[in-house]
Structure formats: C-alpha cells, structure tokens
Amino acid sequence: MAAGALDGIRVIDMGELIAAPFCARLFADYGADVVKVEPRGRGDRSRTWGPFPGDARDAERSGLFFYLNTNKRGVTLDATTPDGRDLLLALLRDADAFIHGMRPRELRALGLDFDALAAINPRLVMISITPFGQTGPYSDWNAYDINAFHLTASGMRYLGRPGEAPLEPGTFIADFYGAYAGAAWGLAAIIGRDAIGGGQHVDVSTAEVIAALFTGAQNIGGYAQDGVYETRSGVGMRLGAPATIFPCKDGYVWMLALEPGQWKGLARAMGDPDWMQLEQFLDMYNRAQNVDAMNPLIAEWTVQHTKQEIMDLCQSNGCPTTAIYTVDEVANHPHLAERGFMRDIAHASLGDVRTTGAPVRLPGSPGGPARPAPLLGEHNAEVFGALPGRDGDAVRRLQQAEVI
Amino acid sequence: MARALPLAGVRVCNFGSGWLGPVFGQTLAFLGAEVYKVESSARVDINRRLPPFGGGVPGPDRSLSNHACWAGNGSVTLNLKHPAARDLALRLVAVSDIAGENFGPGVMDSLDLGYDALRGARRDIIMISMPAAGLTGPLKGVRTYGMSLSSITGLDSMTGYAGGGPVPFENAFADPLGGVIGAFGTLVALHHRNRTGEGQHIDYSQQEGVMQMVGPAFMDYFMNGRVAAPMGNRHPVSAGAPHGVFRCAGDDRWISIAVLTDDEWRALAEAIGAPAWTRAAEFATAPDRLANIDALHERIAAWTSGQDAAALAGQLQERGIAAAPVLNIPDLLSDPHYRERGTFISVHHPLGFDETIYGGYVKMSRTEPNIRTGPLIGQDNDHVFRDLLGIDGAEYERLVAEQVIF
C-alpha cells in the first residue's frame, strides 16, 4: 500500500464527541499517526451515544464513536493525576499537533494551556475546536452543536417556515463544519512551521466559522450598509422560481429551473405543457411572483413520477433537478459503488462495519479509513511502552496505580 | 513589513467560481498563499452582479457579497476562448504550486487546461477538481446548484420538522464548506509534494465531502437498517432531551437548549423552579424524556415563552446548562461573541466606499491574516503578466488590445 500523504505527522487527539475527533480523523484518514487519548475509565463521551447495534448501549459498540475514530490508536489516562499528566506531556513533547475540544478553564485546570505546551514543544500546533472558541464572553459556556449552529443565524435566515422554529439540518452541522476548518488551518500551521518559526495555537469557534463563511458572507455587507435583512421563507428561493422541493411518487425532488435553458429543459421533460408558455411564467422573476399558481401545476406532474425518473428526465434535458435520496438510497447508490467510496472494516466487538471513505480523493497518496476505531485503552502498552524510559514494567505499574 | 504567514511562497491559480471557488482560494490566501482568480471581462462572473452594491451603485467591482467571499484572492483577466490566453494561463500555472477549479468534469479538458496540460507546464503541479459528484462514476455529470447538492448526500431527506417532509435549506451551505474541504485536500497534497516532489490531480466530490456529515445516520442504517427522517432540532442520534429551540419574548425570538446528561437535566429543572412536572416519572431518565419529547418540549416552551432569550441563556449558563440565544442577521453584528472575536470587519474599498466583510474565520495565535477587500476585476494583471511572467510592455499592450488579457 502506498504511504499516506501525512505519514510521519504525529497527532494527539484529546477530543470528545464530534468536532475534535472528526478533525483528528481527517488527519488519520491520510496517514498521520493519531493517538486518541481518552479519560481513564469512562472514555470518550461519544461511546455513550448511539447508534448501537440493536440499540443496546455498550461502550465498545457505538457507531458514532467508530465512525469518528477510525485509523487511530487509543490510549487511556487520568490527566488529573501527576503521573497521568507526565504521560500526556511525554506524548505531546514529540507531537506535531494536539487536537482537543476543551474550554479555556478546562485546559487551564489540566495545565494544558498553549503557553505551557509551547514551552515543552515549540513546534507544537494546538488545534482547539469548541462551539464558541477560546476567547470571547461565551468561551467558557457549556454548549453543544445545536447551540453553536443557532448562534450563526443560519436557521433564522434560511431554514424553517415563517412563524415556526428555525431548524438545523438533521446532523451535527456546526461540529463538522468547524472540524473541517480546524483541519485546513491546522494543517497549514503544521506545514508552515519553518516559514513562521514554530508552532502556534489554532482556535476554532464552530459558530464563528459558519457565521462568517455562510450567513455573514451573503448578508452582513448589505445589512451593515443598508440596514435591511431577510428571514427564512420555508419555500426555497424567493427571488427566482422554481427553486424548491417538490413531492413525487416515491419521495421528493429538489427542483431548479431558473435560467431560460433550464426552464425550457423542464418543459421538455414535462412534455411541453401549454401553461409553461404563459406570460406570467416567462422568466424566473415572473415565476417567483406567481409561484402559488405555478407550483401546483408542476406538482401535478411530479407526483406521477418517481424521483429517479424526474431526475433522469430533467438532467438529460438540461434542467438541474435532483432526487432527494434517502440514507439507504445513497448508501446503495451505484455511483458510490463504482467509486468504491464505502469501506468495510473488521472490529473486535462490532464485527464487519461499513463506513464512508475519506472526503477528498488523492490518487498519488490514497487515504481513508482502513483500521477500526480503538477499543478503550487498546494501545496503552504499545504507545506508553514506546515512550523514553518506560518499559513494560513501568506501564504495568501505571495500570496498577489506576493512572491508565 | 507584512508578517510571515504559514503558506508564504505558495502560489495558487484559481479557476474556481460560484461560491465554492472563492472560499477555496480565500482559505489558502488567509493562510499566506498568493492566489489569483482567473476570470474574464468577456463573461463577467455572475457573482459580481449580485446585489447589494457598495454605496448602492451597481457595478462589477461593487457587489458586497462577492467581495466577502473573494477577499484574499487576487484577480487576473484572461479570455480563455482565445488560444493565446490559454498559453498565458499555462505560463501562470508554470510558476504556481496549485491550480483549482470547480467546473463540471471535462470542462478544463475542453479548454485545453486539463491535468495533462497543466502537468506539461509544471511537472509537480497540484491540481484540484471540485465537481458535484467527482470525476468518475455514473453520476459524474450530474448538475446541481450548491443549494440542491445536499439532496444527493442523504442530508436533505433528514432536514425538516419531525413527522413532516423535507424543508429546503434556502442557501448553498455546502459551497463555502466545499471551499474549506478543497483547501484541506490541497494542503494534504502540498505536504506530500514537499516530502516527495510529486504533484497529483485531486478529485474532490462535493457529495462525498458532505456525506461525512451524514455519517452518524449512515452508521444507523448499516447497523440497524434504519432510514433517517426529519427530526426538527432533536438530537441527531437521540442521545438526550430536551434538545431544541424554544420560543422567547419578542418577535421571532428563540433560545437553544440542549440537555445530554442527568446533571444538566437536574440543573434545568431547578432553573425552572422545580415544578412538580419536572419530577414526573415520564421525564425521569434520558430514555423517558426522549420517549415523551413532545410533552417535554411543550412544558419548556411554556416556561421560556415570556423571557428574554439572551438574558435567559446567561442565567442557564450560570447553572451549567447548554443554552444560547438564537440569532438573526442583525444580531451577528451586535452579539458580544462576534464583536470580541472580530468576526466581521469594515474595510475600505479602493472605489471609495466602506464595506463589512468577515476576516480570519479561524483565529491563529501567530499568523493573523491580512484582510483586504475582494479583488477588482483584473487588478493584478500588470504584476502577474509583466513582473511575474516577464511579458514586455509592447507585447502586453498588444495582448490587452486584442482582448486576450481581458
């Protein structure tokens, strides 16, 4: 097997739940040596979150933990004890990156603030990923993904029906978004250590990433200048139409027919019904004005066809409409099968587990999950035993003292 | 003197467009790379025509949203329909480390700017293609907008109110995200090149990047055969309740509250004043609260509805409960989190107006980016074609007159 692109980069992952572990998994996907450090005894909190096979809770059988921690080695230690802290510092002394999701006061309590770590390893890049970052009035707040997501105005602006609750899409959007940002900026910090003369602290607020890149980018300039802003409509794009979701025979499609060629393509797909020639549907702006009259006419056609029929007909006629695939439809899609995207990995407790491949394909240095997520403390002897001055006996003593 | 940034000395030729292309270049630029957008006055980027405009005056160099997402990128103009422009593009690639694009598969080849051509110009070039569904496979030609891309990832099928159908996310959140992911993939390849001297052609399928976010639902399908459906703001893997946004005092005002541990639940019950219902058996454990989540959320909404969202969030935080105000667009400028972190900044545009854009969206302790406004169309032509590529004055004038550099 070809070496991974990040071969030789050593990462200590002290993250829990989603954001920091996913960031570390991105490094692990491409060959970095990622050691996941879990609290002795309980492990990463995601071990208590499902999905579990048959919904039977078991710290070694969390699908969420598996998904976020493939390709990593796992150790346990109690960082609140002097011996545990010594072990952690020994790991960090030789690391290129330290990834975690601790708030400033939690970091300080463990003596792991960036200045302390830089003193023992000046080339260390510390990547912190939390909802609200390491500075600012909310930095020590308790928060989960949903609290971060709804601090970005994304739901209020873009998702949900007016008068009803603003929504988050059905996953940990802020955690994943922030983790990707932390991986990109953190890897640049590692690559750039020679250019700038050492490591540094990369501070990600998952809320800030989305507030800037997504909601801020398209709304803040106008609001700051003109004082006007919009909120969610629940019906897709308001300026032009059709740009929304339609029901069909077996589910839903995302329909877009804005530019003249796309609208003509939709007309061809629908068999050129007469109403599509009417003046009130002439261009995307007119159609948006008359959307209440138009949508039922389109729906009358869509409900007679399956999502795949509509997608195929529209796409082949130049209209960029797509099926809203359900999770099983995506998982079994021939496109992803041909690309070999899914991976099957054997796990000591879960058996064969299927998971997704790496997000970016690098033919010259392939990556992706190949080894299972670690069992709790699976690599204690291997990792700690390889530290300078710590042989098997020393590791056994740490075990007996309940440090690891 | 400008401070040293991590990617100092790295040059990027950005053929990207839309909303993904700019964020790809911008991320590398904020990290210190020298990035040039390749565009043309022959077909002005549609995003340059997006209102609102600086000072309210329409113009291709005045679109505020365009500036926010392109800030950091430079700009050169090449009319790529012209063969001479293609040669100039390859000369720029020859002095670049990275070339990025997000057309559909085959478009760069049709411009004679495919990977083989780029590698011919620069042996170790890192090229990244960022189409909707990748460079291979039966869906490779699929046409989507950023807004609809997530329909082929599974995510849209699980976005909406509990018990209902999918609700459209009204803007392309996957676009700027794709720019970040593309930048990450490129940096992985840059590290590889620094060690081995080898370039490569990266295939970033936006579908596969967004599918990572759907991972927990895929695991539930693979392990239990369960197919996810819209769940509102409930916890994505049902690990706890209450979990959602709750109406507060005022017009369209809400607070987000998440309870994942029994300690958090006890603290919330106390904050509410420990009324009898908080001690009811139906809410005693996390599985109980999840089983009775509608009734639980109604009770909490009844309690939050008269209260100020920001003040209540502060009070709940004092008890260690995960709560935060739900913001709208104006709040982004006034919220103390974004103000203290300098998320949004005002910059002066050379055409004479001030505009508010975002700065470094990740905070670096030693290498804060230099933020300038988005590029004027062709602002770097002189520097790139004369200084960098060494085209002499007369030749340059001829290329401009013939609308090659255009």
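Quick note on labels: first sequence line is chain A, next is B, and so on, each numbered from 1.
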*Proximity breakdown for Ile18(A) and chain B, heavy-atom pairs closer than 4.5 Å*: neither
*Name the region of Met342(A), side chain, backbone, both or neither, that has any atom closer than 4.5 Å to a heavy atom of chain B.*
side chain
*asked:* Please evaluate residues Tyr221(B) and Asn332(A) with respect to the criterion side chain to side chain donor-acceptor pair (under 3.5 Å), reporting the C-alpha separation (whole Å), side-chain torsions for both, the decisive distance (0.1 Å), and the verdict.
replied: CA-CA 11 Å; Tyr221(B) 171 66; Asn332(A) 299 310; 2.9 Å; yes
*Could you look at Glu264(B) and say if it's the side chain, the backbone, both or neither that has a heavy atom under 4.5 Å from chain A?*
side chain
*Below 4.5 Å from any heavy atom of chain B, which atoms of Asp29(A) appear? Answer side chain, backbone, both or neither.*
neither
_Working to the nearest 0.5 angstrom, can you tell me the gap between Phe341(A) CZ and His335(A) NE2?_
9.5 Å
*asked:* Is Leu26(A) in contact with chain B via its backbone, its side chain, both, or neither, using a 4.5 Å heavy-atom distance?
replied: both
_Between Arg226(B) and Asp328(A) (salt bridge meaning N to carboxylate O under 4.0 Å), is one present in this structure?_
no
*Of the listed residues (Ser256(B), Gly154(B), Gly232(B)), which shares the most heavy-atom pairs with chain A below a 4.5 Å separation?*
Ser256(B)
*For residues His201(B) and Leu135(B), determine if any side-chain heavy atom of one lies less than 4.5 Å from a side-chain heavy atom of the other.*
yes
*Portion of Thr152(A) that has a non-hydrogen atom of chain B nearer than 4.5 angstrom*: both
*Interchain contact, Ile152(B) with chain A, by part (heavy-atom threshold 4.5 Å)*: both
*Among the options Met237(A), Glu168(A), Met126(A), pick out the one with the most heavy-atom pairs lying under 4.5 Å from chain B.*
Glu168(A)
*asked:* Looking at chain B, which one of Ala211(A), Ala224(A), Ala179(A), Gly222(A) has the largest number of heavy-atom pairs inside 4.5 Å, strictly under?
replied: Ala211(A)
*asked:* Side chains of Gln225(A) and Asp354(B) only: does a donor on one sit below 3.5 Å from an acceptor on the other?
replied: no
*Top contributor to chain A contacts, counting heavy-atom pairs under 4.5 Å, from Asn171(B), Thr196(B), Leu28(B)*: Asn171(B)
*Which region of Gln200(A), side chain (C-beta onward) or backbone (N, CA, C, O), has a non-hydrogen atom less than 4.5 Å from a non-hydrogen atom of chain B, or is it both or neither?*
both
*Please state whether the side chain, the backbone, both or neither of Phe184(B) comes within less than 4.5 Å of a heavy atom of chain A.*
both
*asked:* Restricting to non-hydrogen atoms, name the atom on Thr153(B) and the atom on Val214(B) that form the minimum distance, rounded to 0.1 Å.
replied: O-CG2, 3.6 Å
*Interchain contact, Tyr338(B) with chain A, by part (heavy-atom threshold 4.5 Å)*: side chain
*Using non-hydrogen atoms and a 4.5 Å limit, figure out which bit of Tyr252(A) sits close to chain B: side chain, backbone, both or neither.*
side chain
*For Leu68(A), is it the side chain, the backbone, both or neither that has a heavy atom under 4.5 Å from a heavy atom of chain B?*
neither
*Most heavy-atom pairs under 4.5 angstrom with chain B, which of Ala331(A), Ala195(A), Ser139(A), Ala358(A)?*
Ala331(A)
*How are the rings of Tyr229(A) and Tyr223(A) set relative to one another: parallel (under 30°), tilted (30 to 60°) or perpendicular (over 60°)?*
perpendicular
*Just by distance, with hydrogens left out, do Thr135(A) and Arg341(B) show a side-chain donor and acceptor under 3.5 Å apart?*
yes
*Just checking, any donor-acceptor pair under 3.5 angstrom between side chains of Gln26(B) and Tyr361(B)?*
no
*asked:* For chain B, which candidate among Asp55(A), Ile220(A), Asp175(A) shows the most heavy-atom pairs at distances under 4.5 Å?
replied: Ile220(A)
*Counting heavy-atom pairs under 4.5 Å to chain B, which of Arg157(A), Arg161(A), Arg61(A), Glu230(A) comes out on top?*
Arg161(A)
_I want to know whether Phe173(B) and Phe169(B) have ring centres closer than 6.0 Å._
yes
_Exercise: identify the closest heavy-atom pair between Arg319(B) and Ala267(B)_ = O-CB, 3.6 Å
*Show the numbers, then the answer: is there a side chain to side chain donor-acceptor pair (under 3.5 Å) between Thr136(B) and Arg339(A)?*
CA-CA 7 Å; Thr136(B) 64; Arg339(A) 286 173 65 79; 3.0 Å; yes
*Top contributor to chain A contacts, counting heavy-atom pairs under 4.5 Å, from Val10(B), Asp175(B), Leu149(B), Val180(B)*: Val180(B)
*Answer with side chain, backbone, both or neither: which region of Glu164(A) has an atom nearer than 4.5 Å to a non-hydrogen atom of chain B?*
both
*Assess the side chains of Asp156(B) and Ser150(B): does a donor N or O sit below 3.5 Å from an acceptor N or O?*
yes
*Side chain, backbone, both or neither: which part of Thr48(A) has a non-hydrogen atom closer than 4.5 Å to chain B?*
neither
_Which of Leu213(A), Ile210(A), Val235(A), Ile196(A) touches chain B most, by non-hydrogen pairs under 4.5 Å_ = Leu213(A)
*asked:* For Phe66(A), which atoms come within 4.5 Å of any heavy atom of chain B: side chain, backbone, both, or neither?
replied: side chain
_Any donor-acceptor pair under 3.5 Å linking the side-chain atoms of Tyr158(A) with those of Thr215(A)?_
no
_Is Val353(A) close to chain B through its backbone or its side chain, or both, or neither, when contacts mean heavy atoms under 4.5 Å?_
side chain
*Where on Ala133(B) is there a heavy atom nearer than 4.5 Å to chain A: the side chain, the backbone, both, or neither?*
both
*asked:* If you count heavy-atom pairs within less than 4.5 Å of chain A, which of Thr159(B), Asp203(B), Leu64(B) leads?
replied: Asp203(B)
*Does Leu316(B) reach the side chain of Ile257(B), with side-chain heavy atoms less than 4.5 Å apart?*
yes
_Which atoms of Arg234(B) approach chain A - backbone, side chain, both or neither, heavy atom under 4.5 Å_ = neither
*Just checking, is any N or O donor in the side chain of His192(B) or Asp7(A) under 3.5 Å from an acceptor N or O on the other one?*
no
*Name the region of His67(B), side chain, backbone, both or neither, that has any atom closer than 4.5 Å to a heavy atom of chain A.*
neither
*Most heavy-atom pairs under 4.5 angstrom with chain A, which of Thr343(B), Ile255(B), Leu50(B)?*
Thr343(B)
*asked:* Between Glu170(B), Gln207(B), Met147(B), who has the most heavy-atom pairs with chain A when the cutoff is under 4.5 Å?
replied: Glu170(B)
*By a 4.5 Å heavy-atom criterion (distance strictly below it), what part of Ser233(A) contacts chain B: side chain, backbone, both, or neither?*
both
*Is it the side chain or the backbone of Arg45(A) that comes within 4.5 Å of chain B heavy atoms, both, or neither?*
side chain
_Side chains of Gln200(B) and Ser365(A), donor plus acceptor under 3.5 Å_ = yes
*Decide whether a cation-pi geometry holds between Arg25(A) and Tyr67(A); the criteria are a distance under 6.0 Å from NZ or CZ to the six-membered ring centre and an angle within 45° of the ring axis.*
yes
